[in-house]
Amino acid sequence: MQKNNEYILSGVFVVISAIYGLSILKLPTEDTLYPKFVLFLLIVLTIVSFFQTYFSDDNEKAEGLFKDFNVKQFGTVLTVGIIYIALINIIGYFVSTSIFMLSLLILLKNSKKTSIIVTIVFAVFLYLVFKMFLGVPLPSGKLF
Amino acid sequence: MNEIINGFGNALLPINLLAALLSVATGIFIGSLPGLSAAMGVALLIPLTFGMGTSTGLIVLAGVYCGAVFGGSISAILIHTPGTSSAAATALDGYQLTLKGKAKKALNTAVISSFGGAMISAVALYLFAPPLAKLALKFGPAENFWLSIFGLTIIAGVSSKSVVKGLISGALGLALSTIGMDPMSGRGRFTGGSPYLLDGLPFTATLIGLFSMSQVFILAEKKLKKMAKSVIKEGDDEGLTIKEFKMILPTILRSGVIGSVVGILPGAGGTIAAFIGYDTAKKMSKNKSEFGKGSIEGIAGPEAANNAVTGGSLIPTLTLGIPGNSVTAVLMGGLIIKGLQPGPDLFTVHGTTTYTFFAGFIIVNIFMLILGLFGSRHFAKIAKVPNSILIPIIFALSVIGSYAIKNSLNDVFLMFAFGIVGYFIKKFGLNAAAIVLALIIGPIGEEGLRRIILMYPDDYMGQLVSSPISIVLISISALSLISPIVLNIIESRKEKR
């Protein structure tokens with residue numbers, strides 16, 4: 001199990017090296033020296049890591065990386081998060097953040113009372129700190 | 001000397017005092033929450049420092065750093081869960097004292113030792129940073145190239161469980177650092193044709209993604225639990241007596257020195273310092289049998305050491321631009337965004353800012369002492385915020401933080417993407433700090449190498465190894481690569497016996 005993860009990692013680095021190497025080909029020759037040096041490091045280290053895994057004993061902890069992975073909860077956070085970021089542009093930062101906070105808090109099984117209080121306190125905090133104190137312009141959407 | 005005194009004058013301005021107080025409180029809070037790290041806190045707060053003056057902003061970052069390192073001990077002592085990894089050694093004896101109904105004594109010992117350790121490291125900061133910065137004046141392109149190589153090798157040695165994984169993280173960071181304009185020709189490279197990436201990866205957004213957003217995903221994948229309750233007993237309000245203070249004083253001084261030295265060594269960090277501090281305290285103690293059963297020396301040893309790392313680790317960061325651990329890597333990002341390049345200029349051109357920052361470092365720790373002595377219990381109460389509330393808050397803060405720098409939603413998308421990358425980095429045991437380090441020092445090394453080749457097209461190899469400083473840097477780079485491997489072999493032989 002442990003070993004498989006390591007092989008996956010080596011595979012990922014083979015892909016990264018390949019993409020990086022192909023991008024170097026597109027550069028004019030005089031600009032390629034340093035990127036080639038970096039590519040060389042990537043390739044050497046990928047090979048070393050592959051052989052290190054290959055020759056290691058597999059009887060170390062046979063523990064899966066995703067043993068305690070809670071798919072539903074992780075999926076909820078990821079989905080609500082992506083919708084939130086997509087919405088900022090449309091309905092503006094404050095509205096989308098408040099909707100995001102409230103829905104995610106409730107979906108993560110906080111009580112309704114707690115969720116509402118946290119959302120309001122957080123919105124007030126953001127407004128005071130960013131708008132009043134720091135004067136950072138916050139993303140405004142097309143609608144608000 | 002004048003600059004040092006001026007620094008204190010500036011640091012005592014009301015706005016700086018307020019910044020110090022609030023940032024320490026924030027730091028203690030972040031540190032005491034298991035699952036939130038000092039690096040995460042500093043990354044999230046960098047955008048907040050944008051609207052502030054340079055010195056005030058730096059004081060805020062130092063406050064969060066120092067506060068978080070101490071804060072980790074509160075949950076270590078009260079609920080046997082170190083809030084930060086550097087407080088793991090503190091949990092050994094700290095929790096035993098809580099069980100015996102001496103939580104207050106344990107917390108007081110922790111904060112007094114933390115303060116003592118930090119003060120010793122402040123002395124080291126004042127003494128060693130300026131001369132080391134002068135050395136940096138002698139660095140030409142060749143030395144800069146080797147310095148960046150050295151920076152990468154050290155973090156590989158101690159960072160992750162495997163040297164190869166540390167190095168490969170560094171190489172990935174180097175590859176990422178080449179995105180953007182070519183430093184010599186000015187042509188865009190690896191940008192995928194997008195003008196957005198011409199200036200390189202936006203640093204703060206990348207940091208927030210790697211350190212804060214990734215933590216959201218790490219927290220989200222585990223089943224949410226109710227936080228463990230602390231077991232402070234009724235009538236537990238016995239503090240540290242003068243006699244006990246005298247007993248732990250030698251331990252504080254010793255661990256303070258250990259922590260400062262470990263902090264200066266780039267690559268090592270609070271966790272290692274704390275365990276060395278604990279071990280040494282045990283070896284030198286008259287009451288060895290008390291260790292593990294609730295010895296106050298067992299708290300003073302690691303706590304003085306891990307807080308001494310804060311000042312020590314600032315030395316290579318500010319002078320050579322090599323941050324030794326993830327927090328200082330993030331902090332250095334903050335410095336650069338503020339237009340301060342580590343090196344001799346910090347002590348001449350920007351002397352006032354730098355010495356205000358140093359004085360601020362001391363003031364921050366004084367506030368930490370006061371807050372710790374009188375407020376640890378209250379922090380312990382707030383520190384029970386469950387992950388189900390933390391997840392949305394950190395998510396939303398990461399979004400606003402990455403947006404605020406350039407008012408760009410592209411930065412938010414990039415931050416989110418690096419959050420996912422950072423999640424897999426943690427999962428596969430790679431090292432986010434090594435990536436950030438490579439992002440910072442990669443361009444320095446690249447420019448050094450390119451300059452040398454431009455200046456001496458026929459003899460660049462010879463020029464690269466011509467100066468004594470270069471040779472020293474090459475030797476210590478080799479040493480820092482070999483030493484963890486050798487140490488591993490020695491350790492495995494010991495185990496076999």
Side-chain angles (χ1 to χ4, degrees), chain A residues 5-6 8-9 12-13 16 20 23-24 26-28 30-31 33-35 37-39 41-42 44-46 48-49 52 65-66 68-71 73-74 76-78 80-82 84-85 88-89 93 97 100-101 104-105 108-110 114-115 118 122 126 129-130 133-139, chain B residues 47-52 152 162 164-165 167-168 170-172 174-175 177-178 182-185 187 189-190 192 213 216-217 219-224 386-389 391-393 395-397 399-400 403-405 407 409 412-413 416 419-420 424 427-430 442 445-447 449-450 453:
Chain A
N5 292 329
E6 299 299 312
I8 293 172
L9 188 65
V12 170
F13 270 92
I16 292 176
Y20 195 67
S23 314
I24 291 178
K26 289 186 205 152
L27 297 176
E30 63 266 34
D31 287 358
L33 184 97
Y34 182 74
F37 167 71
V38 174
L39 179 67
L41 288 180
L42 271 174
V44 169
L45 289 167
T46 308
V48 171
S49 100
Q52 201 186 33
L65 278 185
F66 297 95
D68 299 320
F69 193 80
N70 190 328
V71 183
Q73 189 178 298
F74 189 84
T76 309
V77 173
L78 194 67
V80 178
I82 291 174
Y84 164 48
I85 293 179
I88 293 177
N89 230 346
Y93 182 78
T97 303
F100 163 77
M101 288 293 290
L104 192 55
L105 282 166
L108 291 175
K109 293 177 187 145
N110 291 294
T114 318
S115 305
V118 171
F122 188 68
L126 282 182
V129 171
F130 282 90
F133 179 54
L134 295 172
V136 176
L138 294 170
Chain B
L48 269 184
T49 64
F50 269 51
M52 306 174 185
L152 290 173
S162 121
V164 179
K165 278 191 175 172
L167 287 174
I168 211 167
L172 181 63
L174 285 183
S177 80
T178 58
D182 183 286
M184 296 287 153
S185 72
R187 275 184 286 262
R189 50 182 187 177
F190 310 116
M213 198 59 182
V216 169
F217 296 130
L219 292 177
E221 72 166 24
K222 277 184 220 125
K223 206 171 171 337
L224 295 172
N387 288 346
S388 58
I389 292 180
I391 291 172
I393 289 184
F395 197 118
L397 284 177
V399 168
I400 179 93
Y403 176 84
I405 308 144
N407 304 333
L409 273 174
V412 176
F413 302 141
F416 189 73
I420 295 171
F424 283 106
K427 276 282 165 186
F428 281 105
L430 292 171
E446 166 167 25
E447 223 180 292
L449 183 67
R450 299 278 295 265
I453 295 172

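Quick note: numbers below take in every heavy atom, side chains included, and nothing from hydrogens, waters or symmetry partners. Each chain gets a letter, A, B and so on, in the order its sequence line appears, and its residues count up from 1.
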(Q) For the residue pair A:Asn110 / A:Ser115, report whether a side-chain donor-acceptor contact shorter than 3.5 Å exists. (A) no
Q: Specify the closest pair of heavy atoms between B:Ser177 and B:Gly442, including all atoms of both residues, with the distance to one decimal.
A: OG-CA, 4.0 Å
Q) Who pairs with B:Leu449 by side chain to side chain contact (heavy atoms under 4.5 Å, CB included), at least two apart in sequence or on another chain? A) A:Leu33, A:Tyr34, B:Phe145, B:Ile453, B:Leu464
Q: Using a cut-off of under 4.5 Å on heavy-atom pairs, state which of A:Val48, A:Ile85, A:Val12 scores highest against chain B.
A: A:Ile85
(Q) With a 4.5 angstrom heavy-atom cut-off, is it the side chain or the backbone of B:Leu174 that approaches chain A, or both, or neither? (A) both
Q: State, yes or no, whether a side-chain contact exists between B:Thr178 and A:Tyr20 at a heavy-atom distance under 4.5 Å.
A: yes
Q: Please name the pair of heavy atoms, one in A:Tyr84 and one in A:Tyr93, separated by the smallest distance, quoted to 0.1 Å.
A: OH-CE1, 3.5 Å
Q. Counting heavy-atom pairs under 4.5 Å to chain B, which of A:Leu104, A:Leu78, A:Ile24, A:Thr46 comes out on top?
A. A:Leu104
Q: Counting only heavy atoms closer than 4.5 Å, note whether A:Gln73 contacts chain B via side chain, backbone, both or neither.
A: both
Q. B:Ser185, B:Gly419, B:Pro183, B:Gly445: which one forms the most heavy-atom pairs within less than 4.5 Å of chain A?
A. B:Ser185
Q) Residues in side-chain hydrogen bond (donor to acceptor under 3.5 Å, both in side chains) with B:Arg450, at least two apart? A) B:Asp182, B:Glu446
Q.
If I measure from the heavy atoms of chain A, does B:Phe416 come under 4.5 Å with its side chain, its backbone, both, or neither?
A. side chain
Q) Counting heavy-atom pairs under 4.5 Å to chain B, which of A:Leu41, A:Thr114, A:Leu126, A:Leu105 comes out on top? A) A:Leu105
Q. For the candidates B:Val399, B:Val412, B:Ile391, which exhibits the highest count of non-hydrogen atom pairs separated by less than 4.5 Å from chain A?
A. B:Val399
Q) Which bit of A:Thr97 is near chain B, if near means a heavy-atom gap under 4.5 Å: side chain, backbone, both or neither? A) side chain
Q) Which residue out of B:Val216, B:Ile389, B:Leu409, B:Leu219 racks up the most heavy-atom pairs below 4.5 Å with chain A? A) B:Ile389
Q. Do NZ/NE/NH1/NH2 and the carboxylate oxygens of B:Arg187 and A:Asp31 come within less than 4.0 Å?
A. yes
